[in-house]
Structures are given as structure tokens and as C-alpha cells.
Amino acid sequence: MTDTALPITVGRAGGFDDLARLFEIAFHTTLPAETREAERSIWEPQRSLLVFDGADLVASAGAYTRELTVPGAVVPAAHVTMVAVLPTHRRRGLLTRLMRRQLREVRDAGREPVAVLWASEGRIYPRFGYGLAAQQLAVECTTTELRLPAPTAAEGRLRLDRPAARQAELARVYDRQRADRPGWSDRDDRWWRYVLGDPADQRDGATERRVLLHEAPDGEVDGYALWRSRLSQDAAGACGVTVVDEVVAENATARLALWRLLLSLDLTRRLSYRGPVDDPLLRLVNEPRRLEPRVSEALWVRVVDVPAALAARRYAAAVDVVVEVTDELLPENTGRWRLTGGPDGARCVPADAPADLACDVRALGELYLGGVGITTLADAGRVAELRPGALAAAGPAFSWHRAPSGMGVF
């Protein structure tokens, strides 16, 4: 059943509590006062689409206005969030209406060529043209038998502090690395306060969040880790867990020093961490399988404006290819597009020539951050080769020297 009687409205200042109640029910959680205020601080009511049934908020879809690093560039991207429908109003077409309206508004505004999100369920968003563009490495390991290379004479100094006290230094390190990290979003002062905020109700029995800083010999901070710990006991004694939220390092020396401490904290025996699939940690430890690594979903990308999006990113090798794209929700994207470019720039324009490749807009989203090979998508039946040799010619261009990753769920 499709319910078109309930209108879609735009959020208003002061209306966050309605949204919080919807979120609590839809995601089986409770938002205590401290967490609720943190979420309120980053909410953008003018980008929130809401459906009310009488006085009750029953469905929503929102977005944050941020920038996203893509291969070789940074683009404005709608960071989609707070997508929820009350269980009493499921199967009535409300989510479909909200997502269609949101994509149309992003496209018509002309500022953001892509949208990006973290999915609560991966099966939801492909039908709206989102493709899985980045995965993440999940580590849940016992640390007692892991060893790292010996320290070098060039290593600097490690310091512990409260994260909020070092926000400016963390931002400098983060921004220097973000320029070359597809999938990372910008963090202005408001977002840094949110990231470093530490509501007690979100600690799950662990300590407050701490920051470990690496200072180079000249005193400059060139790496940091955000982490907390949880102490527990078994029959053999202390067996605490180190929970690592972020590790950002500008060089191998800083990274090695940070991980050496995180993997060897007294009274801990296990470590939990989420990072990129090409994380150097896999190459640092003496026994990678003991990290118990697994791969899970991270960012989903929706190409909203095909020519603008493809022209905005850079390509690892020269490319000249005509791609036939289909997009059921945004018909402006449907057609043949000639993409030419390389490491220094790109151009994407309508094409009259026969297509070399064909795909839907979801496949373009999967390719956009350089995290999946175009031949992999072809093998899965997601990209069709219409001219022999086109896959081999275009494949190297769409790849990138760093795997994409998402830094912080939004």
C-alpha cells in the first residue's frame, strides 16, 4: 500500500525532540539527555524531510552539509542520515517517497554531485541507486601473542591527554591526511566537538575517551589515536579490552609507536578496532591472522549528477570511455556519457558515439571512490562490456592508490 495522503514537510528549529523519539523507536535505543544534545548540535532542520500523521512524526530522512574526499579531489556531498519509519507505518511507501524527494532536491540544488550514507541494512538503499563504495576492516583480537617491529631511534614522544584539550592539533593532523583519504568527510569546529564529545551513556561500561599523541622529535604532533578501555576479570586475572576509535598518523614511525602502546596496555588482553581494508596494521603485526580480521560495509555512495561527479574526481591513469548509464529515479543521468581524463583532471559530456561500457547508476556509486575494480562489477553482471577491451582499458583509471574508508558514522 502506498500512502500519499500524508504530506512531506521540512524540519523546523525546535523540532528535534520529535525526531529523537522517532529515532529511539525505529532503532531500539534510548537517547539520554547528553547524547540527545550532542545530536541536536549537528542537526540541520532545513535538510530534514518529515512525515507526520496527525501530531505524530512517523517517518524522516535528513542530511548534513559536508565535503567528502574522493580520489584526487574533495566534493560537496549530501551526508544522508536519520532515515527512519515507525513500525506502525511501514510498507506504506513513506521511505520511497522520502528518498525520492531527497534525491530530487539534492539534484535540483546543483551543489552536491553525490550523496553518501552508512546503511543500517544494506538491502535498503540499492533500490534508490546507492552502491557500496567503501568497506571497513573490523578487528576483535587477543593481543597477548602479537608483536610489532622494534622501535627506531627516530621515534618521537608519546603523550596522553583529554581529546577536547587537543582538538586543534588533532584537526591539523586529520586535515593533512584527509586530502588523500577517499571516503573521509570534513570536520569543522562543530563536527570536531561532536566527534570528541563523550556522553557517559555511550561508553558501554568503558572509561572516558582518551587521546594518545605522537610528537615528532621537533615537537610537532604527527599522529594520534582516540581510544578507551574496559577492565574485566576472569579466573586468570585482569583481561581488559582496549577500544580504538581512530588512528591517524602522518608517517610509519608515528603509526608504529601508537600501535605499540595500544596493543600492550597493562591489564588488557583484547583490542577492538575499525579501520580501512588496507590498514597497515595487517602488515605490522607478526601474526596477522591473530587480529581475527573481517570485512564489513562502510560507505554507500549515490551519484546524483553523473557528469559533474565523474568530472570532479581524478583518475589513476588516462581514460577515454563512453559509458551508457541508466537511472530510474533521476532521468537526467540516463544516457551516454564520454569520460576523458587522468591524474590531473577530467571531463564528462554527453556522447553520440556508441557506448564502450553500460551500467546503472548504482554501479557508478560503487566505482566512485576507487574501492572496487570495474572487472569485479562486470563479473558480477553489474557492468557490461560493449566494446572488447574496454574493461581492461578503463579498469586502471577507476582504481586508486588508497582504499576508501569511512571515518566516523554519521
Query raised in the report: Do other residues, nucleotides or ligands put more than 12 heavy atoms under 6.0 Å from Arg290 CZ?
Result: no
Report task. Count the heavy atoms of every other residue, nucleotide or ligand shown that sit under 6.0 Å from CZ of Arg255, and state whether that count exceeds 12. Result -> yes
Query - Working for ring-ring contact (aromatic ring centres under 6.0 Å, His included), residues Trp300 and Tyr125 - result: CA-CA 8 Å; Trp300 293 72; Tyr125 295 98; 7.3 Å; no
Report task. Report yes or no: do Glu140 and Ser272 form a side-chain donor-acceptor pair below 3.5 Å? Result -> yes
Query raised in the report: Any donor-acceptor pair under 3.5 Å linking the side chain of Glu385 with the backbone of Ala390?
Result: yes
Query raised in the report: Got a donor-acceptor contact below 3.5 angstrom from the Arg274 side chain to the Gly406 backbone?
Result: no
**Report entry** Donor-acceptor contact present, side-chain His214 to main-chain Gly156, <3.5 Å
**Finding:** yes
Report task. Please answer whether the main-chain N or O of Pro32 pairs with a side-chain N or O of Thr35 as donor and acceptor at a distance below 3.5 Å. Result -> no
Query raised in the report: Are the charged groups of Glu287 and Arg289 less than 4.0 angstrom apart, N to O?
Result: yes
Report task. Dump the intermediate steps for side chain to side chain contact (heavy atoms under 4.5 Å, CB included) on Leu170 and Leu213, then the final yes or no. Result -> CA-CA 9 Å; Leu170 303 188; Leu213 301 146; 3.7 Å; yes
Query - Distance-minimising heavy-atom pair for Gln102 and Ala63 - result: NE2-CB, 4.1 Å
Query raised in the report: Can you name the nearest heavy-atom pair linking Ala298 to Trp118, along with the distance?
Result: CA-CZ3, 3.5 Å
**Report entry** Candidate pair Tyr174 and Val195, rule side chain to side chain contact (heavy atoms under 4.5 Å, CB included), full reasoning
**Finding:** CA-CA 12 Å; Tyr174 180 88; Val195 169; over 6 Å; no
Query raised in the report: Using 4.0 Å as the upper bound for N to carboxylate O, is an ion pair formed by Asp327 and Arg302?
Result: yes
Report task. Decide, yes or no, whether a salt bridge links Arg203 with Asp198 under the criterion of side-chain N to carboxylate O below 4.0 Å. Result -> yes
Report task. Taking the six-membered ring of Tyr315 (Phe, Tyr or Trp), confirm whether the NZ or CZ of Arg313 is under 6.0 Å from its centre and within 45° of its axis. Result -> yes
Query - N-O pairing of Arg40 and Asp17 below 4.0 Å - result: yes
Query - Criterion salt bridge (charged side-chain N to carboxylate O under 4.0 Å, His left out) on Asp186 and Arg178, from CA distance to verdict - result: CA-CA 8 Å; Asp186 72 316; Arg178 182 174 69 88; 5.4 Å; no
**Report entry** Derivation of the side chain to side chain contact (heavy atoms under 4.5 Å, CB included) call for Leu265 and Thr143
**Finding:** CA-CA 9 Å; Leu265 285 167; Thr143 59; over 6 Å; no
Requested in this report: Taking all heavy atoms of Pro45 and all of Val10, pick out the closest pair and write down the distance.
Outcome: O-CG1, 3.9 Å
Report summary line: With Glu246 as partner, the option from Arg187, Arg209, Arg210 fulfilling salt bridge (charged side-chain N to carboxylate O under 4.0 Å, His left out) is Arg187
Query raised in the report: Could you give all pairs that pass the salt bridge (charged side-chain N to carboxylate O under 4.0 Å, His left out) test and reach residues 114-125, with sequence neighbours left out?
Result: Glu121-Arg123
Query raised in the report: Counting only N and O atoms by type, is there a donor-acceptor contact under 3.5 Å from the side chain of Ser60 to the main-chain atoms of Met82?
Result: yes
Query raised in the report: Would you find a donor on one side and an acceptor on the other, under 3.5 Å apart, between the side chain of Arg190 and the backbone of Ile42?
Result: yes
Query raised in the report: Okay, side chain of Arg336, backbone of Ala353: is any donor-acceptor separation there less than 3.5 Å?
Result: yes
**Report entry** No-hydrogen, no-angle side-chain donor-acceptor test under 3.5 Å, Trp227 and Thr242
**Finding:** no
Report task. Provide the closest heavy-atom pair for Gly11 versus Leu50 in the form atom of the first, atom of the second, distance. Result -> CA-CD1, 3.7 Å
**Report entry** Pairs where residues 338-397 contributes a residue and the test ring-ring contact (aromatic ring centres under 6.0 Å, His included) is met, not counting sequence neighbours
**Finding:** none
Query raised in the report: Which atoms form the tightest heavy-atom contact between Ala77 and Leu68, and what is the distance?
Result: CB-CB, 3.8 Å
Query raised in the report: Quick one: does Glu250's side chain have a donor or acceptor within less than 3.5 Å of a partner on Gln177's backbone?
Result: no
Query raised in the report: Are Arg260 and Glu155 ion-paired here, with the side-chain N under 4.0 Å from a carboxylate O?
Result: yes
Requested in this report: Starting from the C-alpha separation in whole Å, work towards a yes-or-no answer on side chain to side chain contact (heavy atoms under 4.5 Å, CB included) for Arg107 and Asn333.
Outcome: CA-CA 10 Å; Arg107 171 72 193 214; Asn333 288 328; 2.9 Å; yes
Query raised in the report: Do you see a donor-acceptor pair shorter than 3.5 Å between the side chains of Arg47 and Thr65?
Result: yes
**Report entry** Salt bridge Glu112-Arg66, side-chain N to carboxylate O under 4.0 Å
**Finding:** no
Requested in this report: State whether the number of non-hydrogen atoms from other residues, nucleotides or ligands found under 6.0 Å of Gln202 atom CD is greater than 12.
Outcome: yes
Query - Under 3.5 Å: donor-acceptor pair, side chain of Arg314, backbone of Pro71 - result: no
**Report entry** Backbone of Ala254 reached by a side-chain donor or acceptor of Asn251 within 3.5 Å
**Finding:** yes
Requested in this report: Can you run down the salt bridge (charged side-chain N to carboxylate O under 4.0 Å, His left out) pairs that involve residues 342-359, sequence neighbours left out, and say none if there aren't any?
Outcome: Asp356-Arg387
Requested in this report: Could you check whether the rings of Phe410 and His79 sit parallel, tilted or perpendicular, using 30° and 60° as the cut-offs?
Outcome: tilted
Query raised in the report: Crowded around Arg127 CZ? As in, over 12 foreign heavy atoms under 6.0 Å?
Result: yes
